[in-house]
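Let me begin by presenting the structure, written as structure tokens, before commenting on it.
Position 1 is the first residue of the sequence; numbering continues from there. Quick caveat, the model's predicted, so the values are computed rather than measured.
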Amino acid sequence: MDKGKIKKLVHLSQQTHLPNTRLVPDHNDKGYGLIESKDGDVYFHHVVVENRYGFNDLRCGQTVEYTVEKAPYLRAKSVWQVTSIPAAAQDQAA
């Protein structure tokens, strides 16, 4: 698994050019994003985000882990949020 930071997120429900669409609360998590990695930008689709709230829970600059799919371009097969442990909690555990 590789790690990278979210470089760009595009939420399709927030686009202004979608005529005749209806927004439904808690069901507007469709979109895509780019992860900045050492090999270049990795594209991911909203369905590959694996966590409780999915794509809506991601933020730009956030660190994620991902696996790359075999494709003609860098594309993530799955994306997970990296949960960080606060420094104070790490000190107490040691």
Side-chain angles (χ1 to χ4, degrees):
M1 249 186 298
D2 295 320
K3 284 188 180 181
K5 290 191 182 241
I6 301 288
K7 180 177 182 179
K8 178 180 180 180
L9 289 172
V10 177
H11 289 266
L12 297 179
S13 64
Q14 296 175 357
Q15 301 300 310
T16 58
H17 67 281
L18 296 174
N20 302 323
T21 58
R22 186 179 77 175
L23 299 180
V24 180
D26 299 325
H27 295 285
N28 299 318
D29 60 348
K30 293 180 174 34
Y32 62 92
L34 293 174
I35 301 170
E36 189 176 356
S37 74
K38 62 182 184 243
D39 299 326
D41 291 343
V42 178
Y43 168 84
F44 68 95
H45 193 256
H46 73 273
V47 296
V48 301
V49 180
E50 299 180 12
N51 62 16
R52 183 173 177 189
Y53 297 108
F55 187 72
N56 272 345
D57 209 24
L58 296 177
R59 301 290 177 254
C60 285
Q62 182 177 15
T63 303
V64 292
E65 292 181 342
Y66 61 94
T67 56
V68 177
E69 186 176 313
K70 290 184 179 179
Y73 54 92
L74 289 173
R75 180 171 62 192
K77 181 171 36 174
S78 57
V79 176
W80 298 273
Q81 290 184 22
V82 173
T83 54
S84 60
I85 301 171
Q90 289 178 352
D91 292 340
Q92 291 176 357

Exercise. For Val42 and Ser37, work out which heavy atoms get closest and say how close.
Key: CG2-OG, 3.6 Å
Quiz item: Taking everything shown except Tyr43 itself, do over 12 heavy atoms lie less than 6.0 Å from its OH?
Solution: yes
Quiz item: Minimum heavy-atom separation for Cys60 to Lys8, with atom names?
Solution: SG-CA, 4.2 Å
Practice problem: Identify the heavy atoms of Phe44 and Phe55 that sit nearest to each other, and give their distance. | Solution: CE1-CE1, 3.7 Å
Exercise. Indicate whether any N or O donor in one side chain lies under 3.5 Å from an N or O acceptor in the other, for Trp80 and Glu65.
Key: no
Quiz item: Nearest 0.5 Å, what's the CG-NZ distance between Asp2 and Lys38?
Solution: 5.0 Å
Practice problem: Kindly work out whether a path of hydrophobic side-chain contacts (I/L/V/M/F/W/Y, heavy atoms less than 4.5 Å apart) joins Tyr73 to Val10. | Solution: yes
Practice problem: Apply salt bridge (charged side-chain N to carboxylate O under 4.0 Å, His left out) to Glu69 and list each qualifying residue two or more places apart in sequence or on a separate chain. | Solution: Arg75
Exercise. For Lys7, enumerate each residue passing the side-chain hydrogen bond (donor to acceptor under 3.5 Å, both in side chains) test, keeping only those at least two apart in sequence or located in another chain.
Key: Asp41
Practice problem: Only counting residues at least two apart or in another chain, list the ones meeting side-chain hydrogen bond (donor to acceptor under 3.5 Å, both in side chains) with Glu36. | Solution: none
Self-check item: Reported CD1-to-CD distance for the pair Ile6 and Gln81, which is rounded to 0.5 angstrom
Solution: 8.5 Å
Exercise. Begin from the C-alpha positions of Tyr66 and Val49 and carry the test side chain to side chain contact (heavy atoms under 4.5 Å, CB included) through to its verdict.
Key: CA-CA 9 Å; Tyr66 61 94; Val49 180; over 6 Å; no
Exercise. Grab the two heavy atoms, one from Ser78 and one from Thr67, that are nearest each other, plus how far apart they are.
Key: OG-OG1, 2.7 Å
